[in-house]
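In the text below, chain A, chain B and the rest are named by the order of the sequence lines, each starting its count at 1.
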Amino acid sequence: MKSSSRRFSEFFIPTLKEVPAEAEIISHQVMLRTGMIRKLAAGIYSYLPYGLMALKKVEDIVREEMNRAGAIELLLPSVQPGELWMESGRWNYYGPELLRFRDRHNRESCLGPTHEEVITDIVRREIHSYKQLPITLYQIQTKFRDEIRPRFGIMRAREFIMKDAYSFDIDEQGCNRSYENMYRAYEAIFRRCGLRFRAVEADTGPIGGSFSHEFMVLSDTGEDEIVSCQRCSYASNLEKAEVVEQGEKSSVSEEERVFQVVDTPEVRTIEELTSFLSIGPENVVKTLIYQTESEPIALLVRGDHSLNETKAKNALNAEELTMADPDTVLEVTGAPMGFAGAMGLKVKVLADLSLKGMKNMVMGANEEDRHVLNVNEGRDFRVDQYADLRMITPEDPCPRCGGSLQFGKGIEVGHVFKLGAKYSNALKANFLNEHGHETPVIMGCYGIGIGRTVAAAIEQCHDENGIIFPISISPFEVIILPLELHESRVREVADQLYGQLSDNGLSVFLDDRDERPGYKFKDADLLGTPVRITVSTRTLRKESVEIKLRSSPELNLIPLLEAATVIRKTVQSLYDSLK
RNA sequence: CGGGGCGUGGCGCAGUCUGGUAGCGCACCUGCUUUGGGAGCAGGGAGUCGGAGGUUCAAAUCCUCUCGCCCCGACCA
């Protein structure tokens, strides 16, 4: 008998009737109610048996697809020496998210939030020749990131399980192939998990690297905003989405009018300004004073646009970018916040492309309670550099094909990066190429949040009664509910079916608790097992059992003699639908 | 870290303003009845009221400090 089959009475699934107050989103609520997880501390969870089973289902799919793609599994330590992080330069860069401590010998250590350093260390020690490349290594392991604010249960925990893979190639072309290969494996993985997802272009963040895609599960509870093209396959994280400036703006051909200062008492925001002056926000230049790690700078965007800090950071090549505090604003502009303008600024000025050539704009006068009208670049202020600095809007066209864009939310469950030689250079992971030259290995890295994938699946597949598991990640494939345990025939048939299906390799959950029918139905719905079999005196009167899919309200009777076969086929067809 | 909120049997909450025997629903245990959508009756067990200090004849309740958790923001796979 397959060991994954279980009897409720001999298993441990502590279900909850009421929703714990701490849970906000559906997946968190339902994972607590089904007894999948329990919280130990903020962002730290115990996985109870039912939750662990779901995690393992996802892990198994990930392993199969990674192995199929030629990746090789290993397991790296979670405690890592600080030394290695100092060598890569991330000891200082990573910040408080990296949980650091000293061991008894007073050696700096940390809990691994990711494993580029460790894996690169292995490769630098063991790989010396192009003949050993390419290679892709992966692990499924617990990570720790000391998040400022963990939330949504397992969705954004401090301790979490992640599959991380790292590819090593002799050159860029090879790395691109490895990247492609992983990208395709990811598509296969999430498809098999029964998820509606989209791969989007993304910023690389602190992991670094040259380009990257995020795999987003489409869900309104997602924390990331994504845009996708309705016509072509373009999809992107909102913060990464390029804006293509199209055509000439109406005001570009205008005559430059006479510069004019106006009194605007207590008018600070764009809304206040546009209603005070009765103009449209597109005629206003927003002057934002920011602070990088080295200097204050001014960023200009149009009044109806918002600044994309990621783009600004990249355009400036800055490591840090934060809104300047009121004192800095006063120092740079000579005015309190709300009246900043670009005229006469000593700091570097970057402007969004949409402002290029715009005439007779309105901006702050760098003087309290004053704005200026008819401001023109060149004549009245200077721009050091034009760049794509703003957030894309629903009015903007697709940067690839010009089609219209759709905005939505997503949960990031996977991320693939092309790292290039960032870590191999820092850690001197070199090999000898076929010409005998020492060359850095070219790396890629690829993560999947295992727990987050389970949570995202629940977020996407549920109804008011509980989970509707895609069969591929459901802890059990079939749940059997014998309704009247005191009836020996009911119990016998249920037991027999349980044994028979289990022997056939199905994972079956037998609810053999002496509970009333309603209670069992509710729990079965909560747990979300795809196929439900009910055995009762009523069904046995017709020498049948009842079959119902969790995903459909339809009830059907199947004759006892055919039951096992029909159930097997039903399960199989559910798997087939995920291919 | 800034703003807001909450800590009272396992879970969900009332009681705190106005100090005076610690309560309700669910869950749990025993018995009987009940059995197709979270049963009924009867009986029962279970709480340092987050912690420390203080005020008071008397503190869940008032004061001070502290810890934990949740939400919003900044941050982030």
Side-chain angles (χ1 to χ4, degrees), chain A residues 14-25 28-29 32-33 35 38-44 94-98 112-116 143-153 155-165 202-209 212-216 223-224 237 239 309-310 313 320-323 325 410-417 445-453 456 464-466 481-487 490 511 513-526 532 534-541 545-546 548 553 555 557:
Chain A
T15 61
L16 260 31
K17 189 147 57 170
E18 283 171 287
V19 184
E22 68 189 49
E24 268 266 293
I25 61 169
H28 189 194
Q29 294 174 354
L32 289 168
R33 290 189 58 207
R38 288 291 184 261
K39 187 174 68 183
L40 215 215
I44 301 183
Y94 226 100
E97 202 182 320
L98 180 64
T114 174
H115 284 70
E116 282 81 11
K143 309 277 190 214
F144 193 94
R145 294 185 190 170
D146 203 354
E147 290 274 346
I148 299 170
R149 183 147 95 86
R151 58 186 124 175
F152 303 144
M155 189 78 87
R156 188 183 189 73
R158 291 151 81 207
E159 184 178 298
F160 59 100
I161 298 172
M162 177 167 166
K163 184 282 309 180
D164 48 324
D203 190 67
T204 49
I207 306 268
S212 130
H213 285 87
E214 289 168 342
F215 284 77
M216 295 284 192
E223 293 187 85
D224 293 287
N237 192 304
E239 63 174 14
E309 294 188 6
T310 305
K313 209 160 150 180
E320 284 201 30
L321 188 67
T322 49
M323 282 266 234
D325 53 54
I411 300 166
E412 181 189 353
V413 289
H415 204 157
V416 294
F417 295 88
C445 89
Y446 318 91
I448 290 181
I450 303 290
R452 189 180 279 187
T453 300
E464 63 282 6
N465 294 314
L481 307 184
L483 292 192
E484 304 112 329
L485 283 177
H486 53 276
E487 297 287 339
V490 169
D511 189 352
R513 295 173 301 173
D514 190 11
E515 292 289 351
R516 298 167 59 82
Y519 199 93
K520 292 188 176 190
F521 285 133
K522 287 291 184 190
D523 263 353
D525 284 350
L526 219 209
R532 187 185 85 187
T534 307
V535 184
S536 69
T537 46
R538 227 162 75 180
T539 67
L540 291 180
R541 231 175 277 139
V545 296
E546 176 192 275
K548 178 187 174 297
L555 302 173
L557 284 180

Peer 1: Before accepting this row, confirm whether a basic side-chain N of the pair Glu24(A)/Arg151(A) lies closer than 4.0 Å to the acidic partner's carboxylate O.
Peer 2: no
Peer 1: Checking contacts here: which listed nucleotide (G37(B), C69(B), G38(B)) is nearest the side-chain heavy atoms of Asp523(A)?
Peer 2: G38(B)
Peer 1: In terms of side-chain heavy atoms, does Thr539(A) have a donor or acceptor partner in Glu546(A) at a distance below 3.5 Å?
Peer 2: no
Peer 1: Does the side chain of Glu484(A) come within less than 4.5 Å of Ser536(A)'s, by heavy atoms?
Peer 2: yes
Peer 1: Would you measure the distance from the P atom in C11(B) across to the matching atom in A27(B) and give it in whole Å?
Peer 2: 15 Å
Peer 1: Side chain of Arg532(A) only, please: which of G36(B), C69(B), G73(B) is the nearest?
Peer 2: G36(B)
Peer 1: Mind checking Asn465(A) for me? I need base, sugar-phosphate or nothing, with any heavy atom below 4.0 Å counting as a touch.
Peer 2: nothing
Peer 1: Ignoring backbone atoms, test whether Arg149(A) places a side-chain nitrogen or oxygen under 4.0 Å from the OP1 or OP2 oxygen of C72(B).
Peer 2: yes
Peer 1: Which part of the nucleic acid, if any, lies within reach of Glu309(A) when heavy atoms closer than 4.0 Å are counted: base, sugar-phosphate only, or nothing?
Peer 2: sugar-phosphate
Peer 1: Between His213(A) and Phe215(A), is the ring centroid distance below 6.0 Å?
Peer 2: no
Peer 1: Can you check whether any acceptor in the base of G38(B) is under 3.5 Å from a donor in the side chain of Glu515(A), or vice versa?
Peer 2: no
Peer 1: Taking 5.5 Å and 30° as the limits, would you call Tyr519(A) and the base of G38(B) a stacked pair?
Peer 2: no
Peer 1: From the options G36(B), A77(B), G12(B), select the nucleotide whose nearest atom is closest to the side chain of Arg145(A).
Peer 2: A77(B)
Peer 1: Under 4.0 Å between any heavy atoms, over every strand shown, what does Glu484(A) touch: base, sugar-phosphate, or nothing? Just pick one.
Peer 2: sugar-phosphate
Peer 1: Give one of base, sugar-phosphate or nothing for Lys39(A), where a contact means two heavy atoms less than 4.0 Å apart.
Peer 2: sugar-phosphate
Peer 1: What is the nucleic acid contact for Val19(A), judged by heavy atoms within less than 4.0 Å: base, sugar-phosphate only, or nothing?
Peer 2: sugar-phosphate
Peer 1: Can you tell which of C75(B), G38(B), G36(B) lies closest to the side chain of Thr539(A)?
Peer 2: G36(B)
Peer 1: Could you check whether Glu223(A) gets within reach of a base, just the sugar-phosphate, or nothing at all, counting any heavy atom under 4.0 Å?
Peer 2: nothing
Peer 1: Please tell me which of the listed nucleotides, A39(B), G36(B), C72(B), lies nearest to the side chain of Arg516(A)?
Peer 2: A39(B)
